[in-house]
Amino acid sequence: MTKAYIRKGNACYELEEYQTAKAAFELGSSLDPEDARFTNLIKKCDERIAEESGDSLDQPFEKASTQVVPVEGDEEGGQIVNEVPNQATSQLNVKPKYRHEFYQKPEEVVITIFAKGIPAENVAVDFGEQILSVIIDVPGEDAYHFQPRLFGKIAPEKCKYEVLPSKIEVRLAKAEPLNWTSLEFSKDSTVPQKIHVVSGTVSGTVSGSQRPSYPSSKPKRVDWDKLEAQVKKEEKEEKLDGDAALNRFFQDIYKDADDDTRRAMRKSFVESNGTVLSTNWKEVGSKKVEGSPPEGMEVKKWEY
């Protein structure tokens, strides 16, 4: 399936794995030689591979010029002086041979140098208190030097590196759990921040005494006794009027009454269809309580 090789090649190309991408495109091209897309994609890979290998960056410096400078006290004589161009200025316009990037954890900084196919014996890495030195010296090519002054101090004895087929990975152990705002030190660098780890989460804070708080999925335990007491207090302090106040009055009577009084209240209220409420069990216990509607109203029985 040629489409699969195109997708694989494009994915590898975006991941900057140009050799792998080229191999995928070449396999796809062998299945469908007439598809011009593979030719264009292979060409793009070749351009990127050439950039990484530094073939397009080998620009020699201008040859040093010479001039005659008069020697002090001797107007006729002269001294030949080699005028060397400012190397630092010239190198500002030269793209680094290998691209690098970094990311950090609370305890370390990981630097990746994208140098493919470099033998381990051609790589030399040294660690200082705040200096890193990486030298890639391949026979027949200009040596690559990467020697930054680091943003913060490191523990050299805990640092390590590994030469992989597609890159060189350098792991710097931080001397302190500080948040590096950049890889290299500069006078304009911001104040480093302490890094705290709380439940596996990294957070930066200016003060070491401050601790971030995070929402928890663990349910909180409810004190039902306390909640019930609070509700009762609110009900007791609540000011009511009209029917609500009357109902509250009857509720309070029923709550504090004895069994006979409660029976009398229930029997009289039910049998009178809510028109009579008696607290005297001797009076209502032996007979049926008839309804006593308010003035101007009458009791009607509903037939089903």
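A donor-acceptor contact shorter than 3.5 Å is absent between the side chain of Gln130 and the backbone of Arg149. For Asp137 (side chain) and Asn122 (main-chain N/O), no donor-acceptor pair under 3.5 Å exists by modelled atom type. No donor-acceptor pair closer than 3.5 Å links the side chain of Lys160 to the backbone N or O of Ala173. Lys174 places a side-chain N or O within donor-acceptor distance of the main-chain N or O of Lys105, the cut-off being under 3.5 Å.
Between Trp180 and Phe151, the ring-plane angle classifies as tilted under the 30° and 60° cut-offs.
The side-chain heavy atoms of Trp281 and Asp259, taken from C-beta on, include no pair separated by under 4.5 Å. The shortest side-chain heavy-atom distance between Ile6 and Phe38 falls under the 4.5 Å cut-off. Between Leu31 and Leu27 there is no side-chain heavy-atom pair separated by less than 4.5 Å.
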### Message
Quick one, Arg171 with Glu169, criterion salt bridge (charged side-chain N to carboxylate O under 4.0 Å, His left out). Give me CA distance, side-chain angles, the key distance, then yes/no.
### Response
CA-CA 7 Å; Arg171 294 183 174 273; Glu169 191 173 82; 3.4 Å; yes

### Task
Walk me through it: do Lys44 and Glu47 pass the test salt bridge (charged side-chain N to carboxylate O under 4.0 Å, His left out)?
CA-CA 5 Å; Lys44 288 175 61 178; Glu47 292 174 355; over 6 Å; no

### Message
Pair Tyr13, Leu41 - check side-chain contact (heavy atoms from CB on, under 4.5 Å), show working.
### Response
CA-CA 9 Å; Tyr13 185 90; Leu41 293 170; over 6 Å; no

### Task
Please test Phe25 against Tyr5 for ring-ring contact (aromatic ring centres under 6.0 Å, His included), starting from the C-alpha separation and ending with a verdict.
CA-CA 6 Å; Phe25 292 140; Tyr5 285 109; 9.5 Å; no

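Taking NE2 of His100 as the reference point, atom CD1 of Ile168 lies at 12.5 Å (rounded to 0.5 Å).
In this structure, Phe102 places its CZ atom where more than 12 heavy-atom neighbours from other residues, nucleotides or ligands lie under 6.0 Å away. Counted within 6.0 Å of NZ on Lys116, heavy atoms from surrounding residues, nucleotides or ligands total more than 12; the atom is thus considered enclosed. Annotation for Lys153: atom NZ does not count as buried by contact number, only 12 or fewer foreign heavy atoms lying within 6.0 Å.
Under the side chain to side chain donor-acceptor pair (under 3.5 Å) criterion, Arg7 pairs with no residue, sequence neighbours left out.
Neither side chain, Glu101 nor Thr112, offers a donor N or O lying under 3.5 Å from an acceptor on the other.
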